[in-house]
Amino acid sequence: LYIVHGNGSFIIENNLYNFSDGTIILVPPGKYHVMKITSQDLYERYVINFSPELFPKVLAKEQNCYICKIADSEILPLFTRIYSYSERFSSEYFHSLLKSILNEFLIIFFVDTNHRVLEKKDMPPLIKKAMEYINENISQPLNIEIIASHLFVSRSYLNHLFKHFLNTGVMQYVRIKKMCKARNLLESGKTAIQVASLLGYTNYSTFLRNYRAEFMENPINKTSKTNF
């Protein structure tokens with residue numbers, strides 16, 4: 001995500017970043033994230049969704065890192081080229097061009113020290129504990145009663161905190177995390193029925209409904225795709 005113009009905050013899991021013009025945010029698959037726009041002025045951004053297979057091998061250790069930086073003027077032309085190429089070339093040629101530009105961008109992004117890293121702000125401890133518990137027990141059946149009881153707080157208070165800081169309720173967050181995990185498992189070769197069982201669903205229809213609601217498609221075994 002490249003913020004050309006705009007101000008606001010961006011949440012990745014339990015970290016909060018305040019962004020402004022020229023901010024680049026890299027979010028690995030399966031990480032919960034949400035943006036809050038605070039400015040009423042001009043807002044412009046570029047978004048690129050790409051599969052992990054396009055990540056440069058030389059940066060393998062960085063593949064699952066999320067990071068926010070302020071870019072310099074050399075970054076914008078890379079994004080405008082990607083947009084231009086997506087309009088000019090067929091998907092076959094565009095995929096090759098995208099891989100080349102992504103390699104250039106990601107190496108500059110991670111290695112070049114001229115790009116300042118944004119300072120992150122932690123979420124309230126209770127939200128962090130809740131998120132940790134959910135992520136550690138993502139393969140189990142979860143409901144808000146179980147989570148709130150583990151944290152020794154009321155369901156309403158926990159749900160209020162999630163909606164205030166994460167723009168979503170507790171069970172919506174659980175569903176998002178389970179569905180992101182489901183997509184990764186499907187891409188690894190698991191069947192939809194296997195995935196539903198691995199994620200603690202006792203009713204396949206519930207899993208199917210949740211997956212469709214999140215991705216607007218049926219859960220099928222598939223290989224990773226590159227999107228622009």
Q: Report yes if some heavy atom in the side chain of Ile220 is under 4.5 Å from a heavy atom in the side chain of Leu186; otherwise report no.
A: no

Q: With the side chain counted from C-beta on, respond yes when Met35 and Leu1 share a heavy-atom pair under 4.5 Å apart, and no when they do not.
A: yes

Q) Just by modelled atom types, is the Arg155 backbone N or O under 3.5 Å from a matching donor or acceptor in the Asn159 side chain? A) no

Q.
Between Thr23 (side chain only) and Ser20 (backbone N and O only), is there a donor and an acceptor less than 3.5 Å apart?
A. yes

(Q) Would the distance check show the side chain of Gln194 and the main-chain N or O of Thr191 forming a donor-acceptor pair, the cut-off being under 3.5 Å? (A) yes

Q) Is the OH atom of Tyr204 crowded by more than 12 outside heavy atoms at less than 6.0 Å? A) yes

Q: Would you please name every residue forming a side chain to side chain donor-acceptor pair (under 3.5 Å) with Ser154, sequence neighbours left out?
A: Ser156

Q) Backbone N or O of Arg81 within a donor-acceptor pair of the Ser84 side chain at under 3.5 Å? A) no

Q.
side chain to side chain contact (heavy atoms under 4.5 Å, CB included), that's the test. Do Lys178 and Asn210 meet it? Break it down for me.
A. CA-CA 9 Å; Lys178 279 184 177 285; Asn210 287 350; over 6 Å; no

Q.
Determine whether Ile3 and Phe10 satisfy the following criterion, side chain to side chain contact (heavy atoms under 4.5 Å, CB included), listing intermediate values before the conclusion.
A. CA-CA 11 Å; Ile3 308 295; Phe10 195 87; over 6 Å; no

Q) How about Leu166 and Tyr32: do any of their side-chain heavy atoms sit closer than 4.5 Å? A) yes

Q: Only counting residues at least two apart or in another chain, list the ones meeting ring-ring contact (aromatic ring centres under 6.0 Å, His included) with Phe105.
A: Phe79, Phe109

Q: Start with the C-alpha gap between Leu106 and Leu26, add the side-chain angles, then the distance that decides, and say whether side chain to side chain contact (heavy atoms under 4.5 Å, CB included) holds.
A: CA-CA 9 Å; Leu106 289 169; Leu26 186 66; 4.2 Å; yes

Q.
Are the side chains of Val195 and Tyr211 in contact, using a 4.5 Å heavy-atom criterion?
A. no

Q) Is there a side-chain contact between Met131 and Tyr173, using heavy atoms and a 4.5 Å cut-off? A) yes

Q) Do other residues, nucleotides or ligands put more than 12 heavy atoms under 6.0 Å from the NZ atom of Lys36? A) yes

Q. Just by modelled atom types, is the Glu145 backbone N or O under 3.5 Å from a matching donor or acceptor in the Asn143 side chain?
A. yes

Q: Working to the nearest 0.5 Å, report the span between NZ of Lys177 and CD1 of Ile134.
A: 9.0 Å

Q: Measure up the Tyr93 and Phe89 rings against each other and bin them: parallel (under 30°), tilted (30 to 60°), perpendicular (over 60°).
A: perpendicular

(Q) Given Lys120, which partner from the list Asn14, Asn15, Ile12 fulfils the side-chain contact (heavy atoms from CB on, under 4.5 Å) test? (A) Asn15

Q | Side chains of Glu217 and Arg183 in contact at under 4.5 Å (non-hydrogen atoms) | A | yes

Q.
As a quick check of understanding, evaluate side chain to side chain contact (heavy atoms under 4.5 Å, CB included) for Tyr46 and Ile82, giving each step before the final call.
A. CA-CA 10 Å; Tyr46 286 94; Ile82 291 174; over 6 Å; no

Q. So, the side chain of Asn18 versus the backbone of Ser9: is there a donor-acceptor pair under 3.5 Å, distance only?
A. no

Q.
Using 0.5 Å steps for rounding, measure from the CG atom of Leu198 to the CG atom of Leu185.
A. 6.0 Å

Q. Counting only heavy atoms not in Leu76, do more than 12 fall under 6.0 Å of its CG?
A. yes

Q: May I have all residue pairs that pass ring-ring contact (aromatic ring centres under 6.0 Å, His included) and include part of residues 127-149, sequence neighbours excluded?
A: Tyr133-His150

